[in-house]
Amino acid sequence: MTSPIVVGYTATAAGADALTLGIRLARATDAALRLVIVLPFEGTRSKAVAPERAYEDLLRDQARSWLEDAVTAIPEGLAHSGHVRFAESFGAGLLSAADEFGAGLLVLGAANGGALRRHRLGSVASELLHTSTVPVALAPAGLSGETDAGLPRITVATGTRPGADRLLESAVRLAAASGAAVRLISLMPLDVPPGLNTGAITLVKDAHVDQVLAAARDRLPADTDVEVLQAGGDSIEDAVAQLDWLSGEIVLVGSSRLAQPRRLFLGSTAAKMLRELPVPMIVVPRTRTEAGDR
C-alpha cells in the first residue's frame, strides 16, 4: 500500500469533486483515504471560554455529520477515515494533517464559479500550490460521481528545466503503483522566454524527445505502455486544447524552478495549462521524487 491520500473535504460540489478524485487515485494505487474537514478558530481556544468551546463543539458535530454523509460514496473495501481539524486556515490545517498522516498527496476541488470540466484556483489551492511539501492534486469542476473511470493514463509535461528528472521519477512511481500507461508531452518550443529563436530550439527537440523516451523506458516497468510526443500549437493553452484526453486521465507537472527546497511553487507553464485542462492535475515539488508515495 502506498502512503495515505488526504482529501480536503467540504460539503460542497468542490468537496465532492475532490472526494471523487481521491477515490480514483486511492483505488488505483491501493492507498488509504483520509478525509479532512478544517474548521476555523480565532486563536482563543487556550482561554477555554465556555461559549466559544460550545460553538466549536457545534461546528465539530456538524462537520462529523458531513463526513458521515461523504463516506457513503467511498467504495466498499477502500480503507478510509474522516477527521475534523481546527486551524487558522484551511490550507494550514491540511498541511498539518498531511504531516500527521504521512500523506503522499493532498487533493482539492476547484473554486466556486468555474466552468464545467475546468480548473479555477481559489485561495486555499493558491496557498497550497506555493507552500506544500507534498504533491497537490487538483480536481476540475464537475468530476463528482465518476469514481469508476480508473487511471488509464498519466500524461507528464516534461522539458529540460531543473526538476524534469524528478518529475519523471514521480511518474514512474505512480505508473508502477497503478499500472497506468504513460504519455510524455514536450512543451519545450512553447515554454521559452519571448525573443528566443524557437527555430533553433526546434532543431534540438527531436534529440530531446528521444532522450526523454529512452529515460522513461529505462525506468518504467517493462510492460508499461509509454509514448512521447511534441505538443503543437501557438501557445501552451493552444497545445493543451489540441491534445486528446482519456476518461480518468491525470496530468503530472513539476513545481517551478523558483520553488524553495521541498516546496511547491506553481510555475507559469502549469498555470497556463490549467486554463484549458479538462482533467485533474498533480503538481509535484521540484526536489521531491515521489507522487502519491512517500
Side-chain angles (χ1 to χ4, degrees), residues 21 24-25 104-110 117-121 125-140 143 151 153-175 178 180-192 208-209 212 215-216 219 226-231 233 235-246 248-260 262-293:
L21 178 56
R24 282 188 188 177
L25 293 169
L105 190 67
L106 283 171
V107 183
L108 296 174
R117 293 295 176 173
R118 288 295 183 269
H119 294 267
R120 187 170 188 265
L121 297 182
S126 296
E127 177 185 354
L128 291 176
L129 287 173
H130 291 88
T131 59
S132 179
T133 56
V134 298
V136 173
L138 303 171
L143 198 69
L151 181 52
R153 185 170 67 186
I154 304 163
T155 285
V156 185
T158 186
T160 58
R161 292 184 176 185
D165 289 343
R166 294 185 175 92
L167 180 61
L168 182 55
E169 285 293 339
S170 297
V172 168
R173 290 176 180 269
L174 187 53
S178 65
V182 175
R183 177 175 66 167
L184 299 107
I185 58 171
S186 175
L187 300 169
M188 186 173 61
L190 303 176
D191 184 24
V192 296
H208 166 66
V209 169
V212 169
R219 299 177 186 181
V226 56
E227 65 173 315
V228 178
L229 61 86
Q230 175 67 45
S235 64
I236 299 293
E237 296 91 336
D238 187 34
V240 171
Q242 292 186 40
L243 292 170
D244 67 285
W245 303 101
L246 302 177
E249 184 165 3
I250 63 167
V251 171
L252 222 60
V253 300
S255 180
S256 168
R257 65 191 185 282
L258 300 177
Q260 295 298 312
R262 291 184 59 80
R263 292 187 181 273
L264 287 183
F265 191 95
L266 188 68
S268 60
T269 299
K272 292 173 183 177
M273 291 181 69
L274 276 175
R275 296 171 190 166
E276 291 293 333
L277 200 63
V279 298
M281 171 185 279
I282 297 178
V283 186
V284 182
R286 184 169 60 88
T287 53
R288 186 182 178 85
T289 58
E290 301 90 2
D293 193 358

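Heavy-atom basis, side chains included; hydrogens, waters and symmetry copies ignored.
- Contact detail for L246 and V279: the closest heavy-atom pair is O-CG1, 4.4 Å.
- Counting only heavy atoms from C-beta outward, the side chains of E276 and L243 never approach each other to under 4.5 Å.
- A salt bridge between E237 and K272 is absent, with no side-chain N of the basic residue lying under 4.0 Å from a carboxylate O of the acidic one.
- Residues P135 and G104 approach most closely at CD-O, 3.3 Å, considering heavy atoms.
- Side-chain atoms of L138 and L129, non-hydrogen and from C-beta on, do get closer than 4.5 Å to each other.
- The closest side-chain heavy-atom distance from H119 to P140 is below 4.5 Å.
- Note that the CZ atom of R173 and the CG atom of L252 stand 12.5 Å from one another [nearest 0.5 Å].
- Taking all atoms of both residues into account, the shortest heavy-atom contact from R153 to W245 is NH2-CA, 4.2 Å.
- Inter-residue side-chain proximity for L106 and L108 is flagged as unmet; no heavy-atom pair is nearer than 4.5 Å.
- Checked against V251 for a side chain to side chain contact (heavy atoms under 4.5 Å, CB included), the options I282, L277, I154, V240 give a single hit: L277.
- In terms of heavy atoms, R183 sits closest to D244 at NH2-O, 3.0 Å.
- In this structure, CZ on R24 lies 9.0 Å from CG on L151, to the nearest 0.5 angstrom.
- Note that the OG1 atom of T155 and the CD1 atom of I185 stand 6.0 Å from one another [nearest 0.5 Å].
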